[in-house]
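Letters A, B, ... mirror the listed sequences (proteins, then strands); counts begin at 1.
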Number of protein chains: 2
Amino acid sequence: MKNGPDIAQIAALIGDPARANMLTALMNGIALTATELASEAGVTVQTASSHLSKLQEGGLVAPRKQGRHKYFSLASDDVAKVLEGLMGLASGAGHLRTRPGPKDAALRKARVCYNHLAGEMGTRLFESMITRQFLRSNGEDIELTVAGAGFVRDFGIDLDALKAQRSALCRQCLDWSERRSHLAGSLGRAMLGRIEELGWARRDRKTRIVVFSPKGKLHFDELTASWPKRLG
Amino acid sequence: MKNGPDIAQIAALIGDPARANMLTALMNGIALTATELASEAGVTVQTASSHLSKLQEGGLVAPRKQGRHKYFSLASDDVAKVLEGLMGLASGAGHLRTRPGPKDAALRKARVCYNHLAGEMGTRLFESMITRQFLRSNGEDIELTVAGAGFVRDFGIDLDALKAQRSALCRQCLDWSERRSHLAGSLGRAMLGRIEELGWARRDRKTRIVVFSPKGKLHFDELTASWPKRLG
DNA sequence: TGAATGCTTCGATTACGATCGAACTATGAA
DNA sequence: TTCATAGTTCGATCGTAATCGAAGCATTCA
């Protein structure tokens, strides 16, 4: 008699105003932190935390821990599709919200993320290394290819020393402002260190901004070009 | 700050277990009465009535009053699509339920609905008249075409007398067992009267069953054939 | 190490809504 | 008319879940 399909559970999950606000905030595909989502929903972080764990439990959002931050995004396209449909039923009042980001343009350009390069230039480096097959990504894990090892060594990094460490070599890190991945892990730290060592850039300890010199910027552009000189 | 999209309201509507059961019961496209939906949801009729008015208010279901019955169906395909999506998110556990109907096979075959023909034969007559463009349906209203007027007069009905009455000539009636429309209104009543008059069938006042004679059945089949003899 | 930040857990409060009994209306049947 | 059935409205009860303050972890930064 009571062979209930659990559609009610999922719908009830979406049915709370706070959670619905969070989900709609995630509809543009950008990952948001728990605190940001709390502000989107207009509730305290405690309440938001409770909601987010329920949404996660229900398979509607997927978390991605990033140091002391926790980024949430919609779990799948199917979730987005259902939300879109619900918006349609709610008579097409599909509001979109403001998207946050660092206030300072310099921070957005290049900054230190813990100890590696982040911001626009950080994601550019990462994506360049993916495009040129120096890094291979399978799901969440990242591994350095043979070609990538050569690239890193050519850049002047002691890869063997890094590998000897117990911490992970490569890790992807969800970028704060770009909302895309950049390179973290011990290799990411080493890359930034080498960039400083070469005098391409210096980091402002106070503001976390990474300031590239004009010459360093040129070198970096060349380093991250999709087709480096020797090939083109 | 609080520009809430009303997706939460809709989702909360679906999010109640009782209402979700009702909606899933309606997913097969068959209209159900309030009492049937109450039993589907496992609640009393009072509770069901409250739920149904909310669902109607939210635009998820559409009612259709039929004498002392009130049939509900999903308001649109969009609603069904969203429900389908939610079922998908709820890990594909899309249970379907039993569909009710009159217990007696004879009742299902042909019966009196107030004073016109209902059941399988009633819907067949109606659909035949639609197919042959004797009736034209615009939304809820039904009108008799010129060709239809000829068909009705040929059948031996005094159409002018019917038109003189103040009650509606043509009306569609949601069939109890077939869950599709059949012809009601004064024309529907006249059609059944003529069928009895011709000796094709007689109505059992006790059980509401309409019993066709073998010869009457043949005549009726011919009457409702998509391509009557003179055309084929 | 200690200070600051991001997030979680716990506990108590509070408010909303689902539920049903009882009474009422409407339609159909006898 | 009277009875039966379908559905609605009202009122009271009761549970559950959303909310936030306070305290507790975890992580980063100096």
Under 3.5 Å between N/O atoms: give me all the protein pairs with nucleotides 1-7 of chain C, atom names plus distance.
from	atom 1	to	atom 2	distance (Å)
C:dT5	O2	A:Arg68	NH1	3.4
C:dG6	O3'	A:Arg68	O	3.1
C:dC7	OP1	A:Ala34	N	3.4
C:dC7	OP1	A:Lys70	N	3.0
C:dC7	OP2	A:Thr35	N	3.0
C:dC7	OP2	A:Thr35	OG1	2.0

Between the protein and nucleotides 13-15 of chain C, list every N/O to N/O distance that falls short of 3.5 Å.
none

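Distance B:Gln56 CD to D:dT9 C1': 15 Å, rounded to the nearest Å. Distance CG (B:Asp16) to C1' (D:dG15): 13 Å, rounded to an integer number of Å. Taking atom CG of residue B:Leu55 and atom P of nucleotide D:dT8, one finds them 12 Å apart after rounding to whole Å. Distance A:Leu52 CG to C:dT8 C1': 11 Å, rounded to the nearest Å. Distance B:Lys54 NZ to D:dG7 C1': 16 Å, rounded to the nearest Å. Here the C1' atom of nucleotide D:dA18 and the CD1 atom of A:Ile14 are 17 Å apart, to the nearest Å. The separation between A:Leu13 atom CG and D:dA18 atom P is 9 Å, rounded to whole Å. Between A:Leu37 atom CG and D:dA18 atom P there is a gap of 16 Å when expressed in whole angstrom units.
Enclosure of atom CD in B:Glu57 is not indicated, since only 12 or fewer non-hydrogen atoms of other residues, nucleotides or ligands lie within 6.0 angstrom.
A donor-acceptor pair is defined here as one N or O able to donate and one able to accept, closer than 3.5 Å; no such pair exists between the side chain of B:Arg194 and the backbone of B:Arg189. Using modelled atom types, no side-chain atom of B:Thr47 and backbone atom of B:Val43 make a donor-acceptor pair closer than 3.5 Å.
The two atoms that bring A:Thr44 and A:Ala38 nearest to each other are O-CB, 3.9 Å, heavy atoms only.
Between A:Thr44 and D:dC20 there is a side-chain N or O to OP1 or OP2 distance below 4.0 Å. One finds no side-chain N or O of B:Thr47 lying less than 4.0 angstrom from the OP1 or OP2 phosphate oxygen of C:dA18. One finds a side-chain N or O of A:His51 lying less than 4.0 angstrom from the OP1 or OP2 phosphate oxygen of D:dT19.
Contact annotation for A:Ala18: backbone-only contact, meaning every heavy-atom pair under 4.0 Å involves sugar-phosphate atoms and none involves a base.
Relative ring orientation between A:His116 and A:His182 is described as tilted, the plane-to-plane angle lying within the 30° to 60° band.
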Requested in this report: Evaluate the criterion side-chain contact (heavy atoms from CB on, under 4.5 Å) for residue pair A:Ser73 and A:Val61; output intermediate values, then yes/no.
Outcome: CA-CA 6 Å; A:Ser73 51; A:Val61 303; over 6 Å; no
Query raised in the report: Where do B:Leu135 and B:Glu143 land on the side-chain contact (heavy atoms from CB on, under 4.5 Å) test, with the steps shown first?
Result: CA-CA 6 Å; B:Leu135 295 174; B:Glu143 64 177 10; over 6 Å; no
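Each of A:Ala12 and A:Lys65 lies near DNA chain D, and the nucleotide nearest A:Ala12 is the one positioned closer to the 5' end.
A distance of 9.0 Å separates NE2 of A:His69 from CD of A:Glu36, quoted to the nearest 0.5 Å.
Here the side chains of B:Arg111 and B:Met121 are not in contact, with every heavy-atom distance at 4.5 Å or above.
Of the candidates C:dT19, C:dG21, C:dT8, C:dT8 carries the atom nearest the A:Gln46 side chain, counting heavy atoms from C-beta on.
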